[in-house]
Every structure is written in C-alpha cells, then in structure tokens.
Protein chains: 2
Amino acid sequence: MVNSDRPTMHDVAAAAGVSQMTVSRVLRGDGYFSQDVKKRVADAAAKLGYIHNRLASVQRGMKNPMIGVVLPTLKNHVFTDVLAGINDTLSSLNMRPVFGVSEYSATAEETLVRDMLSWQPSGLILSGLEHTEGLKRAVVQSGARVAEIMDADGTPISASFGVSQETAGADMARHFLARGHLRVAYLGSQGGDDLRAAKRFSAFRDTLLAGDGEIIYERISKAPSSMTLGRDLAATCLQKAEGCDAIYCANDDLAAGALMHCITNEVSVPGDIALAGFNDLPFLAALPQQITTTHTPLYEMGVRAAKYVALDSPDDPPKEALKTRLVIGQTT
Amino acid sequence: MVNSDRPTMHDVAAAAGVSQMTVSRVLRGDGYFSQDVKKRVADAAAKLGYIHNRLASVQRGMKNPMIGVVLPTLKNHVFTDVLAGINDTLSSLNMRPVFGVSEYSATAEETLVRDMLSWQPSGLILSGLEHTEGLKRAVVQSGARVAEIMDADGTPISASFGVSQETAGADMARHFLARGHLRVAYLGSQGGDDLRAAKRFSAFRDTLLAGDGEIIYERISKAPSSMTLGRDLAATCLQKAEGCDAIYCANDDLAAGALMHCITNEVSVPGDIALAGFNDLPFLAALPQQITTTHTPLYEMGVRAAKYVALDSPDDPPKEALKTRLVIGQTT
DNA sequence: ACTGCAGATGTTAGCGCCATCAACCTTTTG
DNA sequence: CAAAAGGTTGATGGCGCTAACATCTGCAGT
C-alpha cells in the first residue's frame, strides 16, 4: 500500500520556498542553482523524509537503473556465485538487479521476462542460449540491453558471456581416456531440463566413444541437484554398474555427494573409482579430497555480463567465450 | 535504453480501431466491453507485441506487485533457502521480489532500502531486527508493508517472522552440558557483524557457564562463512585448544568444514570431539556423519513473510516466533 | 410512448517527474 | 556603456496509464 501522504517534490518545494522544478534540479545536481537554494532544498527534503520517485522519472524518459536477471535455480551454488558477480558489479554502478527463477522451464522464463519488461528495465541478463521465440521477440522489441550467460555453444540474441559446454565435456573425456578410465558412468539431475549439462555430456560421450571408452551406466534423475542426490545416485550406480572405474557427474554437488558416499563406504577415490564434477565451486577445497572438475569463471561471467548491460556503449554486442580449465583431483 | 518505439495502448487502440481507454479495460478484464472488441484488441496487442507499462499504472495509483528483499549475504545457503520460500510464495501471488545484499552492513542496508523505496514497492522484507534509525523512519513513512525475518529477540518495526536465537543458543548449551561436553570451543565468521550469531553465542555461553562448562577457545574470523573457513578454523582450534571436547560453530558450513578436517585427519567425531552447527541445512544429510545442529524453518519463514507482505489484510502485524528444534548428531 | 437501466464506449484529468523554453538578473567584454 | 554571455529561477507540456464521469444505444417494464 503506497501511502498517499508520501512527500513529493511539490511538498519539498513548498517547504523550501522554491518551485518544484528547482527542487528537481537541486536533487539531481543538474543545471544551475544557488548555494542558498541548494541548502534550503536539501534541508526541506531531509526534514520531510523525501524519497525520489523513480517510477515517475523513468516514465519521463530517464534511464531505469534496473536490470532483470533470470536464473534457472537458486538450489545450485553455481548461480549464487554468478549472482554475486552481477550484484557486486551492478551495485558499484548504482544499478539494481531484479531476480527471477525459472526452475529450468522455458515457458516460465518467458512469463518472467515479460513480467520484468513491464518495469522497463534498461537491461536483462538471461541464462543459456535456448529460449522461446516469444521471449526473444519481446526482448528485442523492448530495446533493453540483453546478455546471455553460462553457455557459448549457440547463437545469442545479442551479447553473450559463457563457456563452451562442448569443449568442457570433450576435455574431460580426453582426460578420462588419458588416465585409462574407460568404463564410465554418468550421473545427472533436473531430468533433461539442464540443457547445458546435456550438451556437456553429449560432447563427453562422443569423445569418449571415439577413444576406447564406453558409457556403461547413465542415470539422470528428475530431482534438482544436491549433494544428497549425488550420494544416492552414486550408491545405486556403484551397486549396479559393475566394473565401472569412473563417474562423471553433471556438477560438483553431485560429485561431492558421490565422494561422501565413497568415504562413508570406504571406497577409495581415485583408487577404486575416479570422480569428476563440473564448475570447481569453492567448497570443493574443503573436502577431504580434491575432486577432478572443470573450473568455470562464474563470478567473472557475472561481472562481464553486468558491466555490459549496465553501461550503454554503442559497440556491437560481444559474444565472449570464457575459458574453462581442467582441475585434476588429488588427495589433500 | 528504452526504445521509444515500444508500442503503447494508443498504438494498440489505433490498430484495433477503438479508444485507448477501451484497450485498458480489455487488457485488465475490467468493466464492460463486447466480445468483438475484446478479440480485436487482443489480436492487435499480440501482433504489436504490446507489453504493459507497470510504471505508468503504479504511478497512477495501482498496487505495485514488487516486494523489496534485503539479505545480509548470498554466500551462506541459509539465505538462498529463505529466498526460495519467498520466491515461490510471491510467484504464486504474481508478485516479484527485488533483491539486495547488505553484506552485514547496516548503512549499506539503509542505502539499499532507500533505493528500493524509490520504486514504490508495496512491501519489504528485511533480515534481522537491528537497523539504522534512518532506515526505520524511511520504511514507516513509505507506507510499504514490512516484515522482518530470521530473528525473534527484539522489537520489530511491524511484523516479524523469526526464530529466537537466544533460545537456540541456550538449548544447545544444555545439550552440551547433558552430554558432558564441558571444555568447549566456539568458531564464528563475519567478524562481529553477524548479530544473530552473536546473540546465539551469548546465550550459549551464559547457559554453559551457568552449568559446569567453560569456553576454552573462541575465534570469530572476519572472513565470510564457508566450509573452507570452517575447516581452517577447526585445524587451528584443535591445535591450540588443548583438552577441547566440543566445538560449537556459528553455522552448518563452518561445522561441515570442521567435520572435513576431522575426517581428513582421522579425528573421531563425536568420539574425540563433538561438533555442532546451526540451521540444519539440507546438505548435512549427505555428509558421512549427521552433525548436531539446530533446525530452523528457513523456507517456512520465507513463505510466511512473503504472504504477509503480499496480501493486504488490515490485521495488526503478527510477531511470530517460529520454533527451532535440536537435531542430535550420529554416524550414518 | 416513456422511463429506467444495463451494456458499451469515449473524454477528461492527473499521478510525479524532467526537457525545454522563457524570463530576469548579474557579470564580463569590446 | 551597450551588447553579449552566463547564472538563476519558474511555467508548460507530456511520458503511459486508469478512476471517474459522460455519452449513446437498445430493450424491458409499465
């Protein structure tokens, strides 16, 4: 409920004995005004507890310091890392993120974006490169600056800052082959909704099969990703997949959960079985063993995307593929 | 950059051959209009890709489906759990959260809230009960509905949905005493900025000392909370605090990190040393041992707060203390 | 035939702000 | 010392939308 007695520039103007226009100028520090007037206005505004009404100024044509951010989930720490990069950058530029979570649904994403666009944000950050046609059309028409993050394998609407999922998957497969891990299991989550994990796995499989490897077990749970899920999936996997010598997990949470299963059940890692995840999240450093994983510059990705959408350089939209890096596991 | 060629109701009206007011009515489904007009307007809106301008309608006096949410950090999963509750609830009510992160700074929080208020949100969710006077004044004057979450020991601005940190701390101390853990270490993070952790520890200490216990080691790192920090703090603690038989950690991340240290160094838990955390985050279930902790209804807290601020019941603001529950550790 | 009233549409005003222009006043400059 | 330049303030209009009121039609009730 917006109180109707919230003071406006008119009220401040009356209290300071000037016109409303002068108050506007003083508060924005734009144009000419005397020191005397400046002080009177500042005092009046402080006394009344005046708060600027952005709705009105944006409507009038000012830039809206609002950036819409749509992420697939908050359950995976991956996105809180990206978010941190976005948030830190936008804060320093006096802009504010508005978040939405799509739960890996393209239609939910479209609804969310349409909703956000109704606030006339000056920018938008989306996850992944796959969106509904309706979303793309709405975004383009809105004139908001858009950046797509996370992925680099595909065609962005405009700018993109992501990593190549295919390269990451293929790199990991080559590592497996080099280490002689040929009988491999794959564990995933979110059903088929996590499209980036799917791309990764597809490239991983192709590369592995092109070598002498084989996927002897594959299980993509419908549940959202979590350490607990990873632990459970690993338990079933080790029971069913005889002769399996390595597990590739869709992400670090699953891999860490798998590691917990191994520790609890005294399965030696990587002696009995090798484990690999994806993202190189900070918490991996605290585990009893450093798991093999692919480092992705999550924070940096957030920073770049935020900078791009916040500033309005007229350059043509960059499509940057950030580098991933294989992190080899070891006992600590 | 908001494109000036974004279609307005006027454009839709022209395309549909009706007045702009009629478009407004049709799109809101309010008042009278014929089926024929309804269809023409809907078609025109779809063809032009019309997106409603909320700025204008809120300015005109409509309720703003925006809720400001200020959290101390995203680095601790605690807040993403709360956030999930808030987000799910608001989504189902067609409202949108706008997030801000204060990094445990009261002045940053005030800046953030003032910023948010400039968008005329209809509600606000804040963390904790301690805020600057300026913030409280601004919030009250804004007329937005406010809910404060997390804490129950203090006086809220209006509504509050939190847990008693003091009760939780004291309960844990009683558990320690009952188990005969008398030589206790305490590990914390965020310097003195995490006021709720401080309240908890204070009550814990008082209760412990009132029994036969003592705090033989205390270390509150300035770093943000993480598993890695917990692991490092535990390492130093076990080295320095001779005869220590239990560690109370400010939260589950620290406690899990401490557990990782113990596993790596073959320190038996709880044989050699007992560990306790706070919050009962879901990932604890994946660890090789269930750590002792205090369960807090994080998601539920988010749900209740979101419901309160989203709906505009005229009841006087509820001040609810949600129940915490001690979770006793065990090996899995 | 005349009221009455509901259905269907349009007109007007104004939310709070800022770009633009206009007015006036003070310096500076040739 | 007039003219130009610059400092200081105010009046006006309009961004896109919706509440309130106005208008006009058709048709039921008497």
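Keep in mind it's a predicted model, so treat the numbers as computed, not measured. Order of the sequence lines sets the chain letters (A, B, ...), proteins ahead of strands, with each chain counted from 1. Basis for what follows: all heavy atoms, side chains included, without hydrogens, waters or symmetry-related copies.
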> Starting at CG of A:N64 and ending at P of D:dC15, how long is that distance when rounded to a whole Å?
Replying inline: 18 Å

>> Quick check on C:dT9: is either OP1 or OP2 less than 4.0 Å from any side-chain nitrogen or oxygen of B:S34?
In response: yes

> Hey, is A:R6 close enough to A:D11 for a salt bridge, meaning N to O under 4.0 Å?
Replying inline: no

> Counting side-chain heavy atoms from C-beta on, which of D:dC17, C:dC17, C:dC18 comes nearest to B:H52?
Replying inline: D:dC17

> Side-chain N or O of B:S57 less than 4.0 angstrom from OP1 or OP2 on D:dC17?
Replying inline: no

>> A cation-pi test, strictly: NZ or CZ of B:R25 under 6.0 Å from the centre of the six-membered ring of B:Y32 and no more than 45 degrees from its axis. Yes or no?
In response: no

>> If you compare every side-chain N and O of A:R60 against the phosphate oxygens of C:dT20 (OP1, OP2), does one of them come in below 4.0 Å?
In response: no

> Is the phosphate of C:dG10, meaning OP1 or OP2, less than 4.0 Å from a side-chain N or O of B:T22?
Replying inline: yes

>> In this structure, how many angstroms lie between the P atom of D:dT18 and the CZ atom of B:R54, rounded?
In response: 11 Å

> Of the nucleotides D:dG16, C:dC18, D:dA20, which one has an atom closest to the side chain of B:N53?
Replying inline: D:dG16

> Taking the side chain of A:Y32 as heavy atoms from C-beta outward, which of D:dC17, D:dT9, C:dG16 is closest to it?
Replying inline: D:dT9

> B:D30 CG to C:dA8 P: how many Å, rounded?
Replying inline: 14 Å

>> Using OP1 and OP2 only, check whether a side-chain N or O of B:S24 sits under 4.0 Å from D:dT18.
In response: yes

> C:dA8 C1' sits how many Å from B:R25 CZ, rounded?
Replying inline: 8 Å

>> With a sphere of 6.0 Å drawn around NZ of A:K307, does it hold more than 12 non-hydrogen atoms of other residues, nucleotides or ligands?
In response: no

>> On the nucleotide C:dA19, are OP1 or OP2 found under 4.0 Å from the side-chain N or O atoms that A:R28 carries?
In response: yes

> Among the nucleotides D:dT18, D:dT9, C:dC18, which one has an atom lying closest to any side-chain atom of A:M62?
Replying inline: C:dC18

>> For B:K319, I'd like to know if atom NZ has over 12 heavy atoms of other residues, nucleotides or ligands within 6.0 Å.
In response: yes

